[in-house]
2 protein chains.
Amino acid sequence: MPRNNRRGSPWWQGQLRGCGLRVTLGRKAILDVLTRAEKHLSAEDIYMRVHPLCPSVGLTTVYRTLEVLVNMGLVNKMVFGDGRAWYELAAGPRKERHHHHLICTKCKRVIDYTDFIDEELEFLKKAEKGLSKKYHFDITNHEIQFNGLCEKCRSS
Amino acid sequence: MPRNNRRGSPWWQGQLRGCGLRVTLGRKAILDVLTRAEKHLSAEDIYMRVHPLCPSVGLTTVYRTLEVLVNMGLVNKMVFGDGRAWYELAAGPRKERHHHHLICTKCKRVIDYTDFIDEELEFLKKAEKGLSKKYHFDITNHEIQFNGLCEKCRSS
DNA sequence: GTTTATGCAAACTGTTTGCATTGCT
DNA sequence: AGCAATGCAAACAGTTTGCATAAAC
């Protein structure tokens with residue numbers, strides 16, 4: 001996904017404006033950090049990365065901005081076993097960012113994987129269709145987690 | 001799964017003893033509540049159901065017991081978007097309890113579904129095999145969530 | 001009798017909220 | 001100018017911990 005459009009503005013500016021939201025320094029910085037991020041970040045992580053660039057942005061703003069972005073569908077929020085929330089830019093099931101998680105139940109490490117997207121897609125297509133019909137539920141997103149023991153923990 | 005073995009003791013007694021753990025009143029009551037539960041419960045839920053039967057059991061014990069049971073693999077702990085933990089008796093992918101979740105992003109309602117177990121199994125078998133080989137990860141469990149809008153929320 | 005499990009109260013962590021102020025548009 | 005967005009400090013919710021006591025084995 002290109003970072004900027006023809007006029008040099010980041011791709012999300014229009015999205016914000018389209019929702020009647022203001023493009024503030026804080027929001028710019030937070031979206032910038034999320035765009036650069038190679039993996040899911042906690043609110044604290046984001047705060048730590050935004051703060052040096054934009055010291056006027058506090059942790060509260062980070063939380064409030066993330067809530068807005070999640071509601072817009074721009075960002076995914078997920079929670080693993082420890083109850084802490086993690087955030088990452090949203091992406092459809094075919095996009096390069098699409099991935100799922102292996103979670104070590106012992107050391108709590110989270111490994112991203114991008115394998116099996118094709119098999120997954122096939123299964124999900126069936127499931128989503130059936131579920132939305134049976135439960136009258138509009139599916140916008142899905143998450144798959146495998147729990148178990150990571151390489152280090154299983155050998156100790 | 002039968003609730004009691006030939007001698008009338010609940011099925012989990014041996015499991016506890018086998019791990020060198022004591023079979024206390026509190027643990028009995030908590031496991032009993034979990035066995036009867038028709039869906040996932042929060043720690044608070046469990047406390048509320050255990051307390052009338054066994055008023056000496058406090059919330060702290062509920063948490064400590066749940067931690068033990070999760071570590072033993074007897075109970076699954078899961079966390080949805082709100083950061084609260086939910087608990088339910090564990091069950092393998094073929095067992096009657098096996099199910100996954102539809103989560104409404106608006107009202108936070110969680111719907112259990114048991115459909116598509118066969119298609120799921122096929123996909124999971126491939127994925128688990130490949131993932132455990134590639135990442136040297138021992139998979140013991142998995143979770144699938146579909147996020148979206150429930151019937152009520154999508155029409156309002 | 002020894003050791004594990006527990007209750008209680010207090011600490012902790014991540015997140016949310018109220019309110020006066022700032023800063024987009 | 002007008003209203004949305006923000007910082008700060010305080011509130012909050014769920015969960016965890018320390019320590020003296022009680023209950024299993």
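A, B, ... follow the sequence lines: proteins, then strands. Residue 1 opens every chain.
Near-neighbour residues of DNA chain C inside residues 19-30 of chain B, defined by a heavy atom below 4.0 Å, number-ordered: L21(B), R22(B), T24(B), R27(B). Near-neighbour residues of DNA chain D inside residues 67-80 of chain B, defined by a heavy atom below 4.0 Å, are absent. For the contact set between residues 39-55 of chain A and DNA chain D, defined by any heavy atom under 4.0 Å, there are no members.
When the side-chain nitrogen and oxygen atoms of Y63(A) are compared with OP1 and OP2 of dT15(C), one or more of them lie within a distance under 4.0 Å. Between R17(A) and dT25(C), a side-chain N or O to OP1/OP2 separation shorter than 4.0 Å is present.
In this structure, the CG atom of L59(A) is 10 Å from the P atom of dT16(C), given to the nearest Å. dA13(D) atom C1' lies 17 Å from atom CZ of R84(A), rounded to whole Å. In this structure, R64(A) places its CZ atom 10 Å from P of dG18(C), rounding to the nearest Å.
Shown here are the salt bridge (charged side-chain N to carboxylate O under 4.0 Å, His left out) partners of R17(B), two or more places apart in sequence or in another chain: there are none. Residues passing the salt bridge (charged side-chain N to carboxylate O under 4.0 Å, His left out) test with K134(A) are D115(B), sequence neighbours excluded. Residues forming a side chain to side chain contact (heavy atoms under 4.5 Å, CB included) with D112(B) (at least two apart in sequence, or on another chain): K39(B), H40(B), H99(B), H101(B), V110(B).
Aromatic ring pairs are classed by plane angle as parallel below 30°, tilted from 30° to 60° and perpendicular above 60°; the pair H51(B) and Y47(B) is tilted.
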